[in-house]
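To start, the structure under review is shown below, and the notes come after it.
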Amino acid sequence: RSVFEKPGFIAIYNVRGTELSGEPIAASALLQPGAYDLVSIAMPARLNNRAQYGAVIYIDNGNGTFSATDDMPLRNENAAILFAQFTVTQ
């Protein structure tokens, strides 16, 4: 479940070990404040079987368009980006 206090996005990254890798491979449309049990994200390509991915919540900078550079990812007390790691099984 994802809960947003402000408008934002969920971005998907590749994960290597326990770290996010590279740029986001996809992002949701703008999500308004509220709780979401399911969020659809259009993937540009098929995800790899057994590969590791991470979902990151970003807070919108106010323009309604996702930008990994301009929008703010959620971070922990050590300033590390928070993400939910998952594995694809087909």
Side-chain angles (χ1 to χ4, degrees):
R1 175 171 253 204
S2 300
V3 178
F4 287 78
E5 293 181 3
K6 298 179 180 180
F9 307 90
I10 296 177
I12 305 299
Y13 284 81
N14 287 300
V15 171
R16 300 231 170 135
T18 60
E19 301 286 326
L20 297 172
S21 177
E23 295 295 315
I25 57 174
S28 69
L30 180 66
L31 300 166
Q32 295 301 321
Y36 297 86
D37 288 324
L38 295 172
V39 175
S40 294
I41 300 174
M43 303 305 290
R46 187 179 187 104
L47 297 178
N48 295 321
N49 191 37
R50 305 230 185 265
Q52 299 287 310
Y53 297 95
V56 178
I57 292 177
Y58 280 82
I59 302 304
D60 183 38
N61 67 357
N63 69 0
T65 302
F66 176 71
S67 167
T69 304
D70 299 328
D71 295 322
M72 178 71 72
L74 293 185
R75 295 179 180 271
N76 67 15
E77 62 278 357
N78 297 323
I81 295 174
L82 295 172
F83 65 96
Q85 189 168 338
F86 62 95
T87 302
V88 171
T89 56
Q90 301 172 354

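- Residues satisfying the side-chain hydrogen bond (donor to acceptor under 3.5 Å, both in side chains) test with Q85, not counting sequence neighbours, are Q52.
- One N or O on the side chain of N76 and one on the backbone of N78 form a donor-acceptor pair closer than 3.5 Å.
- Applying the side-chain contact (heavy atoms from CB on, under 4.5 Å) test to A26 and every residue at least two apart in sequence or in another chain returns I41, M43, P44.
- Applying the salt bridge (Lys or Arg N to Asp or Glu O under 4.0 Å) test to residues at least two apart or on different chains, none of the pairs has a partner in residues 81-90.
- Under the 4.5 Å side-chain contact rule for hydrophobic residues, L74 and I12 share a cluster.
- Put simply, the side chain of V56 does not reach to within 4.5 Å of the side chain of L82, judged on heavy atoms.
- Annotation: side-chain contact (heavy atoms from CB on, under 4.5 Å) contacts of N49 (sequence neighbours excluded): T89, Q90.
- Under the rule for a side-chain hydrogen bond (donor to acceptor under 3.5 Å, both in side chains), S21 has no partner lying at least two apart in sequence or in another chain.
- One hydrophobic cluster, built from ILVMFWY side chains closer than 4.5 Å, holds both I25 and I57.
- A 4.5 Å side-chain heavy-atom check between L31 and I10 finds at least one atom pair inside the cut-off.
- Linking ILVMFWY side-chain heavy atoms closer than 4.5 Å, directly or via other members, places V88 and V15 in two distinct hydrophobic clusters.
- The shortest heavy-atom contact between L20 and G54 is CD2-CA, 4.3 Å.
- Atom CG of L30 and atom CG of N63 lie 9.0 Å apart (nearest 0.5 Å).
- Under the salt bridge (Lys or Arg N to Asp or Glu O under 4.0 Å) criterion, no residue pair touches residues 5-16, with sequence neighbours excluded.
- Listed by first and then second residue, the ring-ring contact (aromatic ring centres under 6.0 Å, His included) pairs that reach into residues 31-50 are F4-Y36, sequence neighbours excluded.
- Among residues two or more places apart in sequence or in another chain, the side-chain contact (heavy atoms from CB on, under 4.5 Å) test is passed with A68 by Y13, E23, P24, Y58, F66.
- With sequence neighbours left out, S40 forms a side-chain contact (heavy atoms from CB on, under 4.5 Å) with no residue at all.
- Between the side chain of N48 and the backbone N or O of A51, no donor-acceptor pair lies under 3.5 Å.
- Within the structure, the salt bridge (Lys or Arg N to Asp or Glu O under 4.0 Å) test picks out no pair touching residues 56-84 (sequence neighbours left out).
- In this view, D37 and R1 satisfy the side-chain hydrogen bond (donor to acceptor under 3.5 Å, both in side chains) rule, not counting sequence neighbours.
- In plain terms, the two heavy atoms of F83 and T18 that are nearest each other are CZ-O, 3.4 Å.
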